[in-house]
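Contents: one structure, followed by commentary.
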Protein chains: 2
Amino acid sequence: MYEQLAKSIGEKVALTAAEFDLCKTFFIPKKIRKKQTLLLEGDVCTYNAFIEKGILRSYTTDAKGNEHIIQFAFEGWWITDLSSFLMGENSTYTIEAIEDSELLLLTAAAREELMNALPVFERYQRLLLENAYIALQARVNSALTATAEEKYTKLTIAYPDIVARVPQHMIASYLGLTPETLSRVRKQITLRK
Amino acid sequence: MYEQLAKSIGEKVALTAAEFDLCKTFFIPKKIRKKQTLLLEGDVCTYNAFIEKGILRSYTTDAKGNEHIIQFAFEGWWITDLSSFLMGENSTYTIEAIEDSELLLLTAAAREELMNALPVFERYQRLLLENAYIALQARVNSALTATAEEKYTKLTIAYPDIVARVPQHMIASYLGLTPETLSRVRKQITLRK
DNA sequence: AAATAAAATTGATTTAGATCAATGGCATTT
DNA sequence: AAATGCCATTGATCTAAATCAATTTTATTT
């Protein structure tokens, strides 16, 4: 149940077996079924979730009821509404499982304690944030610069997992396109080959 | 010369006067004039820059030669190409002063040393990253969700400084709009009042 | 396996914002 | 203070992607 977490931490910092055993005690394991929500818009996001197995997504809903996907998260990634999680504000996001998933949950208090108990865990969190920030900035750049087709092509290169495992209409939402436009873009690409 | 830095760190963590004196020694002060660059596209970004005074921007240039502004940074903020700074890759960004500015530069090596010498500095960096990540995610959401007018209105509310101090065509670039569209959006808003 | 619902595709039409083009208004520079 | 170049505005036209609508395909549920 903690394999992915051990791997993720191990890729960033060094942790002894005893330290990792301590680390584990701060997490709450949770299974969640497809289409179930971990966080509902309007609620306070009480957990930072690490994904051992499965896929989740976070999304906002606009005035017309359209969903806009903010993030996908796979095995070995984290997902939360950071703003709500840290500041205790009501969330504007919903977090939902795309597949049956296994999570390791960390409350804000547990996270603080864990960072104090194991300073390398704070370093691990910082390194994760750095990568997440870089990835998000690339996404902003793509949103400012790219055409519909370029956005999709970049995604297939940067995140083939997303394209392989996530329904197409969700990919469209993530890219800021309608499902119809993404369908046509894909057709254009295959016709050209 | 270090007032803004003291303030920024002090808002996030506690640091004694002696610790702050030590902290200062890791930075390289630098003045930069309007339109001068701190980083040129294609070079490695060797500094993380803290802004004591002035405004900088980072931007990419697309195939047609259009600039797309990734970030503005004012007094008390940081700017760098994090990807290039951390990984040593050639940057796709240019970082340029919008006004005559005073900077405090941190190399990647100095940053590592400083975090090891003063663990609270690592905490400070993490807290900054958390805020930056939240702000960037809000920007992604706005890019996915909002019309031209909504994007501009949100910006005036969230960052009145940007609207007050940055030329309009740069604001357009930051929002992913043409200068013409932003001009028309602004006209609509004033006509309606 | 049939029934139902959800997702993807395809076509026709619309539209928000881009592009092209010209003019007037500010700032720097000399 | 004149001159030069950049910036913002306004108008006319174009276009990429959205919207509306219908059909086919693929998943779920019973």
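Residue numbering restarts at 1 for every chain, and letters A, B, ... go by the order of the sequence lines. Atom set for the values below is all heavy atoms of this structure, side chains included, hydrogens, waters and symmetry mates excluded.
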Original post:
Roughly how many Å is it from NZ in Lys64(B) to C1' in dA16(D), rounded to a whole number?
Top reply: 11 Å
Original post:
Any side-chain heavy atom of Ile162(A) sitting closer than 4.5 Å to one from Ile171(A)?
Top reply: yes
**OP:** May I ask you to check whether Thr92(A) and Glu41(A) show a side-chain donor-acceptor distance below 3.5 Å?
**Re:** no
Subject >> Contacting residues from residues 166-184 of chain B, given that a heavy atom lies under 4.0 angstrom of DNA chain D >> reply: Pro167(B), Gln168(B), His169(B), Glu180(B), Ser183(B), Arg184(B)
Original post:
Taking atom P of dA6(C) as reference, at what distance in whole Å does atom CD of Glu67(A) sit?
Top reply: 13 Å
Original post:
Tyr152(A) has an atom OH; how far is it from atom P of dA17(D), in whole Å?
Top reply: 15 Å
Original post:
Does any non-hydrogen side-chain atom of Leu104(A) lie less than 4.5 Å from one of Tyr2(A)?
Top reply: yes
**OP:** Pick base, sugar-phosphate or nothing for Lys151(B), based on heavy-atom distances below 4.0 Å to the nucleic acid.
**Re:** nothing
Original post:
Does Ser84(B) use its side chain to pair, donor to acceptor, with the backbone of Val44(B) at less than 3.5 Å?
Top reply: no
**OP:** Write down the distance between CD (Gln188(A)) and C1' (dA16(D)), rounded to a whole number of angstrom.
**Re:** 12 Å
Original post:
Taking only N and O in the side chain of Lys35(A), is any of them less than 4.0 Å away from OP1 or OP2 of dT28(D)?
Top reply: no
Original post:
Is the NZ atom of Lys24(B) crowded by more than 12 outside heavy atoms at less than 6.0 Å?
Top reply: yes
Original post:
Do His169(B) and Leu177(B) touch side chain to side chain, with heavy atoms closer than 4.5 Å?
Top reply: no
Original post:
Whole-Å distance between dT9(D) P and Leu191(B) CG?
Top reply: 12 Å
Original post:
What do you reckon, are the aromatic ring centroids of Phe27(B) and Phe50(B) less than 6.0 Å apart?
Top reply: no
**OP:** For the residue pair Arg192(A) and Gln188(A), establish whether any side-chain heavy-atom pair is separated by less than 4.5 Å.
**Re:** yes
Original post:
Can you tell me if the side-chain N/O atoms of Lys187(B) get under 4.0 Å from OP1 or OP2 in dT9(D)?
Top reply: no
**OP:** List the protein contact pattern of nucleotides 25-30 of chain C with one symbol per nucleotide (5' to 3'): B for base contact, S for sugar-phosphate-only contact, - for none; contact means a heavy-atom distance under 4.0 Å.
**Re:** ---S--
Original post:
Using the C1' atoms of five pairs at each end, what's the angle between the two axes of the helix from dA1(C)-dT30(D) to dT23(C)-dA8(D), to 10 degrees?
Top reply: 50°
Subject >> Protein-nucleotide distance (His68(A), atom NE2; dA18(D), atom P), rounded to Å >> reply: 11 Å
Original post:
So, do Tyr59(A) and Tyr93(A) have ring centers that fall under 6.0 Å from each other?
Top reply: no
Original post:
How many angstroms lie between CZ in Arg139(B) and CG in Leu136(B), if you round to the nearest 0.5 Å?
Top reply: 7.0 Å
Subject >> NZ/Lys53(B): more than 12 non-hydrogen atoms of other groups inside 6.0 Å >> reply: no
